[in-house]
Amino acid sequence: MKSESPILYSVVVPFFNEQENVPPLYMRLTEVLDGIGQPYELVFVDDGSRDNTSKVLLEIFEHDHRVNVVRLRRNFGQTPALKAGFDFARGDVVISMDGDLEHDPEEIPKFLEKIEEGYDLVSGWRFPRPGHSGLRHYPTRLANWMMAKLSGIDLHDFGCTMKACRREIIQEIQLYGELHRFIPALASSTGAKITEIPIENSHRKNGHHAYGIGRTIRVVLDVMIVKFLLDYSTRPLQFFGLLGVGAAGLGIILGLLLGIDKLYYQTQLMAQHGPMILLAVALFVSGIQFISMGLLGEIVARTYYESQNKPIYSLREVKSHRKEMGDSAEQARPSGPSDR
């Protein structure tokens, strides 16, 4: 038997050791979405939890046909967990949010209003952010400022997980590493129309934060990756070539100057300019290596994840009512081993 109407909204929530937060979040989500009055589904992703999160999710699944549970074999991280949920989602609009109760489901209608206005992606702006100390606040602001400048997208909070996006946009984006923070920047490369709305960021009621201030360095590195993917993914030689030619060119100039010095002034180069000779050779060789190794490295990485459609997660099982409704879940999953 097929479903009476297509699913309009899919809410994707990754969980990792959130057994206390699952029931209240589920109740609040269903209350809000039932009030909207449109067909929806909940896609709960268990990212290899070591507590009873999986058990709680399966209990909810047994009593609500709108709930789908995607279990990963181990803890892959937030980006693969979100990607697993995005791959499985079938709603026209996909809404993502954290599973720690820091995001209020009451904000969802605001996101949907913006989607109805014609936006393709609506990102949350966690402002004000209670309990966000200056030690964490300023590095985060710096990272967001860098991302806004490098991507050309005027957003204040790239790292907010709470977003609403049209499914055709979110499923086109290749996610790996920790690139979930930069979904708006990656979506911009597809021509998506993007906006931002302020949301309340509540205190975590149970559990603890999985990330600390140390992630700022990783965010800065990810900013550089995203900048490259946005501007040079289709013309990498213009990025690596500029740096490589600059280094090799400087080495050649130093070599020519040393050669002139030797020819016209009979200078004992090794005795007087030994370090300069080594520097010239190092610059030239490193320039060539930088071009070749960097270009080959990016080509290999993109081929691995995109051309071969290599999944970045491994499923343990998928629990869904779709088979009962004639909607096979197999069509929504990438190839890869899983236990059913």
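Atom CG of N21 sits about 4.0 Å away from atom CG of L101, to the nearest 0.5 Å. One finds the OG atom of S49 at 14.0 Å from the CZ atom of R74 (value rounded to the nearest 0.5 Å). Distance check: F111 CZ to E196 CD gives 9.5 Å after rounding to the nearest 0.5 Å. Separating the CD atom in E102 from the SG atom in C160 is a distance of 10.0 Å, to the nearest 0.5 Å. Distance check, rounded to the nearest 0.5 Å: NE2 of H156 to CH2 of W125 gives 4.0 Å. A distance of 8.5 Å separates CG of L186 from CD1 of I153, quoted to the nearest 0.5 Å.
Counting heavy atoms from C-beta outward, I95 and L112 have side chains that approach closer than 4.5 Å.
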*asked:* Applying side chain to side chain contact (heavy atoms under 4.5 Å, CB included) to Y26 and L42, what does each step give before you reach the verdict?
replied: CA-CA 9 Å; Y26 164 72; L42 302 177; 3.9 Å; yes

_Assess the residue pair I108 and L29 against the criterion (side chain to side chain contact (heavy atoms under 4.5 Å, CB included)); give the C-alpha distance rounded to whole Å, side-chain angles, the decisive distance to 0.1 Å, and a yes or no._
CA-CA 9 Å; I108 290 178; L29 277 172; 3.7 Å; yes

*For side chain to side chain contact (heavy atoms under 4.5 Å, CB included), just list the numbers for D46 and L72, CA-CA rounded to whole Å, side-chain angles, deciding distance to a tenth of an Å, and then say yes or no.*
CA-CA 6 Å; D46 177 18; L72 305 188; over 6 Å; no

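Salt-bridge formation is detected for the pair D104/R28: a Lys NZ or Arg NE/NH1/NH2 atom is positioned less than 4.0 Å from an Asp or Glu carboxylate oxygen. A salt bridge does not link K193 to D120: none of the charged side-chain nitrogens sits closer than 4.0 Å to a carboxylate oxygen.
Not counting sequence neighbours, the partners of T195 by the side-chain contact (heavy atoms from CB on, under 4.5 Å) test are K114, Y119, V122. Listed by chain and number, the residues in a side-chain contact (heavy atoms from CB on, under 4.5 Å) with E31 amount to none (sequence neighbours excluded). Listed by chain and number, the residues in a side chain to side chain donor-acceptor pair (under 3.5 Å) with T161 are Q78, D98 (sequence neighbours excluded). Not a single side chain to side chain donor-acceptor pair (under 3.5 Å) links S123 to another residue, sequence neighbours left out. For E107, the salt bridge (Lys or Arg N to Asp or Glu O under 4.0 Å) test picks out K110, with sequence neighbours left out. For C165, the side-chain contact (heavy atoms from CB on, under 4.5 Å) criterion is met by L121, I169, I170, not counting sequence neighbours. Applying the side chain to side chain donor-acceptor pair (under 3.5 Å) test to Q19 and every residue at least two apart in sequence or in another chain returns nothing. Judged as a side chain to side chain donor-acceptor pair (under 3.5 Å), and not counting sequence neighbours, the contacts of Y40 are D34, R66.
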Distance-only donor-acceptor pairs under 3.5 Å for side chains of residues 239-259, two or more places apart:
none

Hey, can you pull the donor-acceptor pairs under 3.5 Å for the side chains in residues 54-63, sequence neighbours left out?
from, atom 1, to, atom 2, distance (Å)
S54, OG, R71, NE, 2.9
H63, ND1, E59, O, 2.8

Check residues 6-15 and write down every donor-acceptor pair under 3.5 Å in which the side-chain atom is one partner and the other belongs to a residue at least two apart or another chain.
from, atom 1, to, atom 2, distance (Å)
S10, OG, E41, OE2, 2.6
S10, OG, R90, N, 3.4
S10, OG, G91, N, 2.7

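Under a cut-off of 6.0 angstrom, the local environment of CZ in F290 is crowded, with over 12 non-hydrogen atoms contributed by other residues, nucleotides or ligands.
By the rule that hydrophobic residues join a cluster once side-chain heavy atoms approach within less than 4.5 Å of another member, M276 and L278 end up as members of separate clusters.
There is a side-chain donor-acceptor pair under 3.5 Å between D47 and N75.
Considering E18, M97, E20 as possible partners of L25, the one that fulfils the side-chain contact (heavy atoms from CB on, under 4.5 Å) test is M97.
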